[in-house]
Amino acid sequence: MHPYFLYDSSLTLAVLLFGYSMQIFADFAGYSLIAIGLAHLFGYKLPINFNFPYLARSFSEFWQRWHISLSTWLREYLYIPLGGNRRGELRTYLNLFVVMFLGGLWHGAAWSYAVWGTFHGTALAVERWCKDRITIPTNRVTTVLQVLAVFSFVTLAWLLFKLPKFEHVIAYLRALFTSRAETRYVIPASILTFSAPVVLYYAWHVLKQQREAQLWQRYEFLLFGALLAGIVLNSGLPGKFIYFQF
Amino acid sequence: MIRNSLLVALALLVIYQLVQPRLPHRFYLVQGQRREGFLTAQNFVYRSHQETNLLLGSSMTMMLSQSILGPGFYKLSFGGGTPLTGLEIIRRSGVKPAVVFIEINNILANQDEELLKDLFGPVAFPLRRGLSSLREEGRPSNYLAGALEATVRKMCRWCSRPRAAGPAPTGAPAPEKPLDPKQFEQLLRIQNEAQEHAPPPELLHSQVNRLAEQVDAVSRQGVACVFVEMPNHPAIARLARPTAIRTAMEERFARTKYRWFPSEPSQYATRDGIHLTRVDADRFSKAIVDYVNEMNREVTATATVTKHSR
């Protein structure tokens, strides 16, 4: 496969990455919700698997919100048996690193997944080190910056899932920061259009947490109706879920 | 909540069905080659049209200029596709064109079953015939993306306005950018890697036979079939794969018995080794129009001779 993305502008590449972040969330969280909804029809209450992970303010919070079933399993069966945070500082960082490295390999026996796990393990360890030493004031500005920082890092790391070859990942990152190709607005426009439902989903969740929550909840049916109409009108052929390959 | 949501959805669907035909087409964006293929196929099947000449093939044929070909031509071609898909669509839709141009460059691919299934699905087909909002052309996301693209383009033009000169674009296509030689070499290398090996003989002959069945079926209905080898860069045209395809096609569809469109690869330039530059796509389109006009003159002359000989 030739990396045709080499001929795209930095803006297009950035939007493509953002779009993949939205796609992987919609794909994975979406089919988890389908499973939860279907089980509910039969009277079974399954726990939620995604809790708006892109609103996480830290990597540890991200892993409490993303693929909760896997992260819970990793904590119960790997992190805690390895000693968790009870064997001193250095051992805690090592445990975090090892657990995420193995969590990466859980997705497949490929270097890209191992590197992905390593990124997250390193991020968790560094974050733990910083948390023990630096206090960040909590206000709206710092919250937004933290959310953006975590989202950016997580999104960059998704590249390792999307591109099968490691050299393509490097080429993509290089092109992301150095490309001078002209932007074809078609691609960003399409990506942003299809990312809109995910963005709306998150925005709705944030609005519902405000003081006027009841007001928003009263008119929720309008949003659901519009989304349902959108699904019917924009439907295409069924594709494979991304996470089915794992 | 569920009932209200369903009612809202139904209301929106009805409103959209009424409003969609009136939406301005200037804010419309087909999102990618695959969706363009669906649009092409659906427009062919659902719209009544007067085209008597069809062009079947891949993205190479899609490069031809519709404005030069004129309203009598329809490009039933798909990116990465094969004329087998177009022939199957003709068969299933019952349309009977006068002339079908069959691109031979990409016959190794199988017909697009996914597209055919979507197009002729037992529920989708009649529903879409009645409700244009359910067709590819009616997708709200196409209008949203189009409006977004137009807005971003306007903003970027506004941001760079000291450098922008001249009047706003009139809608005519922007002049084609000159090819970057390094990029062209890289793209040529990619095509070289993709086409340097001959295909397995059993695959090639099976596809040629499949094509022959389809061609014979449309020919029996009085449709004139013309085989076209879309011009590639001479270095690509000489490679093992295109050579094997050309040889197999000429063996099965001898030039003495079947119509072949005359084209010489060295007369045309490509952007990437296989797709014509805009200028040469226009030239090729004109050549096709001239060929069809010549065919029509022959038919008229033959009919006149036949009439007089009675």
Side-chain angles (χ1 to χ4, degrees), chain A residues 1-9 11-12 14-16 19 22-23 37 40-41 171 175 179-200 204 216-240, chain B residues 1-17 20 27 29-32 34-35 38 113-115 117-119 121 124 127 131 133-136 138-156 177 180 183 186-187 189-191 193-194 272:
Chain A
M1 184 177 83
H2 181 79
Y4 283 101
F5 56 74
L6 290 177
Y7 309 118
D8 281 315
S9 69
L11 173 66
T12 303
V15 174
L16 278 170
M22 297 294 107
Q23 184 191 7
H40 209 59
L41 284 173
S179 171
R180 305 189 77 164
E182 203 175 302
T183 301
R184 294 180 288 154
Y185 298 110
V186 170
I187 297 171
S190 303
I191 302 256
L192 291 173
T193 302
F194 279 98
S195 301
V198 177
V199 173
L200 270 176
W204 196 258
W216 294 110
Q217 269 171 337
R218 205 187 298 169
Y219 295 110
E220 227 171 12
F221 69 93
L222 288 172
L223 179 65
F224 293 148
L227 283 173
L228 189 55
I231 288 169
V232 170
L233 291 168
N234 287 300
S235 64
L237 287 169
K240 286 200 196 108
Chain B
M1 164 81 92
I2 294 178
R3 188 195 62 180
N4 290 344
S5 304
L6 288 171
L7 286 172
V8 166
L10 189 60
L12 287 172
L13 287 170
V14 168
I15 292 168
Y16 189 71
Q17 171 60 32
Q20 185 269 322
F27 294 131
L29 190 67
V30 183
Q31 292 151 68
R34 187 89 179 116
R35 305 268 31 124
F38 281 90
E113 290 298 341
E114 208 176 52
L115 182 143
K117 205 166 129 182
D118 180 75
L119 192 57
L127 261 183
L131 300 170
S133 57
L134 295 180
R135 297 179 205 164
E136 188 66 28
R139 281 160 66 106
S141 54
N142 291 353
Y143 290 100
L144 284 169
L148 193 57
E149 197 241 357
T151 307
V152 169
R153 197 181 282 280
K154 215 184 235 178
M155 275 169 52
C156 288
K177 281 196 159 56
D180 177 57
Q183 219 175 70
Q186 197 164 19
L187 290 167
R189 246 195 316 275
I190 295 166
Q191 288 306 327
E193 280 169 24
D272 58 1

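In what follows, chains carry the letters A, B, and so on, assigned in the order in which the sequence lines appear, proteins first and then strands, with residues in each chain numbered from 1. Note: hydrogens, waters and symmetry copies are ignored here, and every other heavy atom, side chains too, is used.
Under a cut-off of 6.0 angstrom, the local environment of CD1 in B:I2 is sparse, with at most 12 non-hydrogen atoms contributed by other residues, nucleotides or ligands.
With values rounded to the nearest 0.5 angstrom, B:L12 atom CG is found 8.5 Å from A:L222 atom CG. Rounding to the nearest 0.5 Å places CZ of B:R135 at 13.5 Å from CG of A:L233. Taking CG of B:L148 as the start and OH of A:Y185 as the end, the distance is 12.0 Å to the nearest 0.5 Å.
Using a 4.5 Å heavy-atom cutoff, the side chains of A:F221 and B:V8 are in contact.
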In a table with atom names and distances, give each donor-acceptor pair under 3.5 Å that connects a side chain of residues 192-199 of chain A to protein atoms at least two apart or in another chain.
unit_1: A:T193; atom_1: OG1; unit_2: A:A189; atom_2: O; d: 2.7
unit_1: A:T193; atom_1: OG1; unit_2: B:A145; atom_2: N; d: 3.4
unit_1: A:S195; atom_1: OG; unit_2: A:I191; atom_2: O; d: 2.8

Using a 3.5 Å cut-off and no angle test, enumerate the donor-acceptor pairs between side-chain atoms of residues 225-232 of chain A and protein atoms at least two apart in sequence or in another chain.
none

